[in-house]
Amino acid sequence: MSTETETRAAAKAELPKAYEPAEVEARWYPIWNDRGYFTADPHSTKPAYCIVLPPPNVTGSLHLGHALTATIQDILIRWKRMSGFNCLWLPGTDHAGIATQMVVERELMKTEKKTRHDLGREEFLKRVWAWKEKFGARIGEQHKVLGASLDWTRERFTMDAGVSDAVKEVFIRLHSEGLLYRAQKLINWDPVLHTALSDLEVDNEERDGFLWHIAYPVKDSTERLVVATTRPETMLGDTAVAVHPEDPRYKHLIGKTVVLPLVNREIPIIGDAILVNPEFGTGVVKVTPAHDHNDYATGQRNNLPMINIFDESARVNENGGPYAGLDRFEARKRVVADLKERELLIEEKPYKVPLALSQRTGVPVEPRLSWQWYVKIKPLADAAIAAVEQGRTKFVPETWTNTYFGWMRNIHDWCVSRQLWWGHQIPAWYPMGPDGKVDFESSTPVVAREKPEGDWVQDPDVLDTWFSSALWPFSTLGWPNADAPDLKTFYPNSVMETGHDIIFFWVARMMMMGIHFMGDVPFRTVYLHAMVRDEKGEKMSKTKGNVIDPLDIVRGAPAANLPAAVRNKFPQGMPAMGADALRFTLASLTQQGRDIKLSVDRIAGYKAFCNKVWNAARFALMNLGDYQDDPKLFIKERSLSLADRWILSRLNRAIAGTQTALANYHFAEAASLIYQFLWGEFCDWYIELSKSSLYGDDPHAKTSTRAVLTFCLDHILRLLHPFMPFITEEIWQKLPILREVESICLATYPMEDRRLDDRAAEEEMKPIIEAIEGIRTIRGESNLSPALKIEAHVQSSSDDVRQTLDRWRAYVMPMAGLKKLTVMGLGPKPPQAAADIRAQMEIYVPLAGIVDLAEERERLKKEIEKAEKEIGVINKKFENPNYAARAPADLVEKDKARIAELESRIQKLSDNLKRIAPVEVRIAPPAAGSVNLGEELKEELSGVSVPDPDNQVKEALDKLREGTKEGLSSRDRYDLGVAYMNMGLVDDAVREFNKAREGDEAAGEAAATARGAPAKKPAAKKPAAKKPAAKKPAVKKPAVKKPTVKKPAVKKPTVKKPAVKKPTVKKAPAKKAPAKTAAAKKAPSSEPAAKQAAAGKPASKKPAATKKR
RNA sequence: GGGCGGAUAGCUCAGCGGUAGAGCGUCGCCCUUACAAGGCGAGGGUCACAGGUUCGAAACCUGUUCCGCCCACCA
């Protein structure tokens, strides 16, 4: 005994009440890593599973995109590792040529006011390396914070010796195969960075600009050709004017020349059907082959000379005559001004100009003629297309397949050289001239790994960063050494998981390179995740100030560090959510093909989930006593309770569902399944149900419940581990189970086990849950305090249901807060009881003396309406004769059964409504005209026509009138009393209440209920009454009217309700109500009735309701 | 100009041919001895619009309107 208390105390001390992620998360990662759990074994006999982490920029810092990537991949890796795979998750960083060089240059300028040219190449590179040494480890450390189970022993960097060697090898081989060449072409030039860019590194955007019409005088003629252009300054480099060869306006001029204004150069008028669209502008196009892609092509077609008018910074060069030295935009202004002056500017109109902008600098790219290295891409692309067509690599979600094909089929040669310093210097060598100079333009380079003998100079350019990235799936595994064990074991990789924004930059190129150099696809599956956005769906960017740092989420952050939107939610700063919560959130938000809008509320919700897991474990550990799991005894071999069997069966479903979801990359679904099971079934039901045996006296029941609790927790934790590695490990270590492995990281992932399935238990639990929920609904609707123990009657026609409820009353009673549970067949209903009518049972909770029956009535009416509405929906189907004829028979049957069920439900609800209706005697409807009921009653009610009271009262009154007062049950008496009360006849009311009480005491419960179903349809008497009290939409009327009279008067404690509920549409009728009341008040004829309603009501419920409230 | 995705509860999203779902938020009652980061209950939706296919459509087809992304050399 005392030991048990001690154990409990100890457990309690060990597990704090609230989960604190900070301490737990910091503790586990080093342990896992140091023990080598994440280190892959190339010689393992287990099946291999490999993912390479998309290498983040070395100098980068973790953002939510990384966090999402890491989360998804870690889920896959941990899941597979636990499922018996030999897993390699390979980390690395990318040298990120342009980005890193820019960062260091900026820093250099800031601290030393120097440019890279001031330092020189060698010194500058030293600085970049130093920078890399300083910050390169940061992003890796940040991944560890997230719990990413990466194999750090294999960490790579794109400029490592090994990877660099692979880069050289690929360059040389491609060159020798004729797939890599050097050429002078028009490329995208960044005038700020002074480098070429690939097409992918350019963004197109429309900006406000102008379309200028400029007159070019035709030589030896008075005619002028008017060209349309958005870039007038480029006319300095014009070498032709083009018209459509069939254009009647200009046809005759083809072959002549124009004199280029400002420059006075004579250039030909050519006909070119490809370039010129006669419909557009003036139908005349100036041709500047050196500065426009279209014009370049035109120049090629027509053998036009090319005049380069810009230098590397896009300033006008010596070819620009008087404009030399001007920046291109300055030159534009000057050219326009000069043209205007010479009256050659015909028109200047606003125009949306398509602009090509450098992704890096945001500056308009200047098409520039230059020598660059290109990969001849078509042959590589063809193979990569075929691989996907053949299904050797598949995309998830599949929709990306088309995007991939679309790009691959229209691919252009890849410009791979960059005029940067930071990167893989191109292994090409140029002969040094006798003067010690190198002519990079006209000399032919030698491509070789090392400098050849003699005076050679290496190509100063470096390779596009994506060139080395394209090799990542094999360059990291030891290639070009074909015998490298890692390469043999882990190529092809299993999955490439990355953002869809780099499908062209990276995925497509890995496909091409992998297939070409390895002879097989680099990965079997490409899983492309969505982009993480802020809550409004906007891209997170520093300029917008909406960037949320994942580490702030994990560790918490002062308000000042948070973007405005988040700060509003956490004015005191954001609490530490923990990596587990962040990971679970991200996993829950993954859906296919759409953006992820990250909501901090959602993260907070999952932090709460962590706490729930924690406390479920805490509960278990506090109640396990000295239980120690016996691995030889399979859980189902124990003598189990119904709840035990039920939860095991449910657990098994959760396991099966999670496995399926994971196998299909449905991370959100997997997360949701675990969440629902753990919280909605294990905690809400099983833990609560387990208390009866845990706190009970039966030692066997206690032990088996402890065993099941332990079993479930063990499985849940393992199921959850890939999503929430830290908390699951922390708890798992404390479970009294026999651990064959020292960490949950190495434990086996739960597998579906048919032996746990128990359909019978699940079926048997249904009525129990239904009964509990039904009673709780009544409780909630009647605003009964959870502390108040109540009585419930459950009636069911099914023997099974009755037996189950009877047998498991130990479940039902505490869960529903009952002091007494009566289970019986259908029969007389308890008086003044709230009811919940369900398919398999009717639940009654006597409310007399506890609660306001008016609310119960409202509820019942609502229920009836709801059921009627549903019948309406189904009946609508049957109105169409084709439905019964053509729809599947089982469906039609189902609908018929449903109607029957609903009808019986309505009947029962109406019956119940009738039984508690009298309280509702609404004198209010002034339909009765000026009849003063009170007066009439005093005259023994003779000859009075009652203005539509509910049937029961009517009956009672009828009986009274007939002088059969003796026939009144105590129930009738009570009702009558209420009726008197409503009419202000207090004395009469008290008399009836007293008699009712006497009658009750005398007759006992049985007698009181005896009057179960008298006179079902007493309505036969007068057509005035709406007899069945239901059936038609007409019912709605009274439902609407009621509140008018009753609510203001009776409901003083609940007045809030109507006051608060403004946003609902339903308000409309309520608004009408007061108007009617007012009208009634004004009408002189109804004055007495109105007065009574107003005055009498407040008193109405008192006698019954005073007790509890 | 092409292509793709989206439009469902106040918010974020599931559902993708057969009675509209979840989480968060809201409202009501509760600090019940695992958890107030909690428990129990409730309210809340002409599933963007218009046609069509079907016995039946939120779902399939067509069109429209918005929103987002990608690709493209129209001066």
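Predicted, not measured: the structure shown is a model, and the values here were computed from it. Proteins get letters first, then strands, A, B, ... in listed order; numbering begins at 1 in each.
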Query raised in the report: Can you tell me how far P in B:rC47 sits from the matching atom in B:rA42, rounded to whole Å?
Result: 24 Å

Requested in this report: Report the nucleotide, chosen from B:rA42, B:rC74, B:rC35, that has the shortest atom-to-atom distance to any side-chain atom of A:Thr777.
Outcome: B:rA42

Query raised in the report: Does OP1 or OP2 of B:rA34 have a side-chain N or O of A:Tyr695 closer than 4.0 Å?
Result: yes

With a cut-off of 3.5 Å and sequence neighbours excluded, list every side-chain donor-acceptor pair involving residues 674-683 of chain A.
| from | atom 1 | to | atom 2 | distance (Å) |
| --- | --- | --- | --- | --- |
| A:Glu681 | OE1 | A:Arg650 | NE | 3.4 |
| A:Glu681 | OE2 | A:Arg650 | NE | 2.7 |
| A:Glu681 | OE2 | A:Arg650 | NH2 | 3.2 |

Query raised in the report: How is A:Val276 classified with respect to the nucleic acid when contacts are heavy atoms under 4.0 Å: base, sugar-phosphate, or nothing?
Result: base

**Report entry** Distance-only donor-acceptor test, A:Glu688 side-chain atoms vs B:rA34 base atoms, 3.5 Å
**Finding:** yes

Report summary line: Considering only heavy side-chain atoms of A:Gln676, the closest of B:rC24, B:rA22, B:rG38 is B:rA22

Query raised in the report: What distance, rounded to whole Å, do you find between the two P atoms, one in B:rC16 and one in B:rC40?
Result: 28 Å

Report task. Taking atom C1' in both B:rG10 and B:rG44, compute the distance separating them and give it to the nearest angstrom. Result -> 9 Å

Query raised in the report: When rounded to the nearest Å, what value does the distance between P atoms of B:rC35 and B:rU46 take?
Result: 41 Å

Query raised in the report: Closest nucleotide of RNA chain B for A:Trp685 versus for A:Pro21: which of these residues is on the 5' side?
Result: A:Pro21

Report task. Could you tell me whether the side chain of A:Asn611 and the main chain of A:Lys607 form a donor-acceptor pair under 3.5 Å? Result -> no

Query - Between B:rC60 and B:rG17 - P atom distance, rounded Å - result: 7 Å

**Report entry** Nearest-Å distance once atom C1' is located in both B:rC11 and B:rU26
**Finding:** 11 Å

Report task. Kindly say if A:Trp679 contacts the phosphate of B:rG39, meaning a side-chain N or O under 4.0 Å from OP1 or OP2. Result -> yes

Query raised in the report: What residues form a ring pair (Phe, Tyr, Trp, His ring centres under 6.0 Å) with A:Phe667, not counting sequence neighbours?
Result: A:Tyr527

